[in-house]
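These notes concern the structure reproduced below.
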Amino acid sequence: MLDIRALRSNGAAIRDALARRGVELDLQAFETLDGERKQADIRSQELQARRKSASREIGNLVQSGISVDEAKARVAETLKEIDEQLDQEVARAQAIHQQIEEMLMGVPNPPQDVVPDGLSEDDNVEIRRWGEPRSFEFDVRDHVDVGEGLAGGHLDFDAASKLSGARFAVMTGGLARMHRALVDLMLDLHTSSHGYQEIYVPYLVGPDALRGTGQLPKFEEDLFRIAGERELYLIPTAEVPVTNMAAGEILDADALPRRFVCHTPCFRSEAGSHGRDTRGMIRQHQFEKVELVQMVRPDQSTQALEELTAHAEAVLQALALPYRVVDLCAGDLGFSASRTFDIEVWLPSQQTYREISSCSNFLDFQARRMQARWRNPETGKPEPLHTINGSGLAVGRTLVAILENYQNADGSVTVPEALRPYMRGLETLEAR
RNA sequence: GGAGGGGUGGCAGAGUGGUCGAAUGCAGCGGUCUUGAAAACCGCCGGGGUUUAACGACUCCCGUGGGUUCGAAUCCCACCCCCUCCGCCA
């Protein structure tokens, strides 16, 4: 959520920054509403103050032996005025506050100044590449053909569609094991080498958590909501439950940074992406992800984003998968992000790099929505902290990348060396 | 699913209609004392908002939302959460 004080004192700069991502902020409307709010606050608070002192006076009179009716009669004028106006004015002020809240909750995070200009992914800026895409001396097949052709366990979209329809996958045998091994490798790497604490969280969350990270109120159609009396949603990413661990908290300065790594399934309706990536397991309603989440002091978040991105890259380096890192342009940023580095892995079948991780600095945007704060020793006051997260990595897409990059002419797949200890030394997934 | 108990400041824990945003203890912060530390003693010490250059002033918040009342932490209703016992269960 935007900082309402910053909006009052520096609205034009925020409006201009938002314009870079193609969002028009109606400053005039905000200022009008905020002005009404001020009037309503002053009036309702004044009335409340009068009621308070009148009540207090009645109390004093009653205690000095005067009857309640008599005491009320002595402040009758104030009581009448209160009776006529107070409820109405308080309700008015409340309604305006709610309107402002709704307005602010719908506005995305302004991009940082360093974010490149541009309105679509075409304007993203590549900032580095790692690894050399392999040259194949045979016709490469995509991960669907490779996966479906494996012996001793394979990729089975027919079975998945029988169970759940489109955009789901079934994996069996060695392939399922490799999928599980990837999760294990990632968790081990981040906990033992990068200083993250592993955390297990619910896969169903309530609306407050989703508002906190920014999925609600604007993007409900991207979520799966479960039937039943309680308002619960399947998590679209572990970011939601993990970041909201800090909701409503005031953390001590020495408790920061907090670093969590969390493996969960993720559930996305993919509304609005019909026809995109319909083949294979690039875009699924359900996929596994290992997520990195950090809560940091505001002066550390820029550096923390660089580090977190490197932590995600380390997984691809361990697996020797070629990738590049892209600095997202203003128009391609997610709703809550102020800056994002996408990591894209090389997919030989598409002869292109595809997103496998998205690492973002949210600054205090999410923290303000969920009231996640730290106590700044310099001011002694609670202040919003900064949140950062990124995939480390999307497991399904990592598996896709391995199937494609490690495929052999005979249809088998070599198991990356780093993964072998997690697969009891298995070196190859054989072809049928 | 049945029966009962309970949600108050970082924690513990008083408060059952009137200067209560709230006793007390612990923790924390500052100070006195001390070579230093501990102990002792003194002081400070919840959060949001409005207003102010600032000091300050005002207002809201005692699980959440309604209600009763001149006045609600305290009474009433609904919901949520936690605990204990019984039943069921991965």
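The shown structure was predicted, so the numbers you read here are calculated from the model rather than taken from an experiment. Just so we're on the same page: letters track the sequence lines, and every chain starts at 1.
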With heavy atoms under 4.0 Å as the rule, sort A:Arg373 into base, sugar-phosphate or nothing. sugar-phosphate
Interatomic distance where CD1 belongs to A:Ile4 and C1' belongs to B:G48 [whole Å]: 13 Å
To the nearest Å, how far apart are A:Met370 CE and B:G48 C1'? 18 Å
How about A:Arg279: does its CZ atom have over 12 heavy atoms from other parts shown lying under 6.0 Å from it? yes
Identity of whatever pairs with B:C33 - Watson-Crick or G-U, under 3.5 angstrom: none
List for me each residue that meets ring pair (Phe, Tyr, Trp, His ring centres under 6.0 Å) alongside A:His143, sequence neighbours excluded, and say none if there are none. none
Taking pairing as Watson-Crick or G-U wobble with both contacts under 3.5 Å, can you name the mate of B:C58, or confirm there isn't one? B:G49
Distance in Å, A:Ser336 OG paired with A:Glu239 CD, rounded so as to fall on 0.5 Å steps: 7.0 Å
Using side chain to side chain donor-acceptor pair (under 3.5 Å) as the criterion, list what pairs up with A:Asn405, not counting sequence neighbours. none
Considering Watson-Crick and G-U wobble pairs with both distances under 3.5 Å, what does B:G1 pair with? B:C86
Atom pair distance, as rounded to whole Å: NE2 in A:His97 and P in B:G49: 10 Å
Pairing partner of B:U16 (Watson-Crick or G-U wobble, both distances under 3.5 Å): none
Using atom P of each nucleotide, how far apart are B:C41 and B:C26 to the nearest Å? 9 Å
Return the nucleotide paired to B:U68: Watson-Crick means purine N1 to pyrimidine N3 with N6-O4 or O6-N4, wobble means G-U with N1-O2 and O6-N3, both under 3.5 Å. none
Now, which nucleotide makes the Watson-Crick or G-U wobble pair with B:C44, with each of the two distances under 3.5 Å? B:G28
With sequence neighbours left out, which residue pairs that include part of residues 294-321 of chain A fulfil the salt bridge (charged side-chain N to carboxylate O under 4.0 Å, His left out) condition? A:Arg128-A:Glu313, A:Arg259-A:Glu307, A:Arg297-A:Asp299
Let me know the distance between CD1 of A:Ile250 and P of B:G9, rounded to the nearest Å. 12 Å
Please list, for nucleotides 51-53 of chain B, all pairs of protein and nucleotide N/O atoms separated by less than 3.5 Å.
{"from": "B:U51", "atom 1": "OP1", "to": "A:Lys38", "atom 2": "NZ", "distance (Å)": "3.4"}

Sequence neighbours left out, what passes ring pair (Phe, Tyr, Trp, His ring centres under 6.0 Å) with A:His179? Give chain and number order. none
Non-neighbouring partners of A:Glu270 that pass side chain to side chain contact (heavy atoms under 4.5 Å, CB included), sequence neighbours left out: A:Arg167, A:Arg268, A:Ser273, A:Arg283, A:His285
In whole angstrom, give me the gap between the C1' atoms of B:G9 and B:A14. 13 Å
Nearest whole angstrom, please: distance from the C1' of B:C58 to the CG of A:Leu47. 13 Å
In B/S/- notation (B base, S sugar-phosphate only, - none; protein heavy atoms under 4.0 Å), nucleotides 59-82 of chain B written 5' to 3' is SS---------BS---------S-
Need to verify one output field. Residue with the more 5' nearest nucleotide on RNA chain B, A:Lys381 or A:Asp41? A:Lys381
Using the P atom on both, measure B:U24 against B:G46 and round to a whole Å. 13 Å
Is a salt bridge present between A:Asp41 and A:Arg37, judged by a nitrogen-to-oxygen distance below 4.0 Å? yes
Taken to the nearest whole Å, CD/A:Glu101 to P/B:G48 is 15 Å
Pick the C1' atom in B:G10 and in B:A78, then give their distance to the nearest Å. 32 Å
Salt bridge (charged side-chain N to carboxylate O under 4.0 Å, His left out): which pairs involve residues 93-120 of chain A, sequence neighbours left out? A:Arg20-A:Asp117
A:Phe362: partners by ring pair (Phe, Tyr, Trp, His ring centres under 6.0 Å), with sequence neighbours left out: none
With rounding to the closest Å, how many angstrom separate the C1' atoms on B:A22 and B:G15? 8 Å
Rounding to the closest angstrom, what is the interatomic distance between B:U64 and B:C55 at atom C1'? 37 Å
Expressed in whole Å, how much space separates the P atoms belonging to B:C33 and B:A72? 49 Å
Would a line drawn from the ring center of A:Phe365 to the ring center of A:Phe335 be shorter than 6.0 Å? yes
Protein-nucleotide distance (A:Met1, atom CE; B:G48, atom P), rounded to Å: 13 Å
Counterpart base for B:A23, defined by Watson-Crick or G-U wobble contacts under 3.5 Å: none
Counting the atoms with a prime plus P, OP1 and OP2 as sugar-phosphate, which does A:Arg74 contact under 4.0 Å by heavy atoms, base, sugar-phosphate, or nothing? nothing
Write down the distance separating the C1' atoms in B:G18 and B:A73, rounded off to the nearest Å. 13 Å
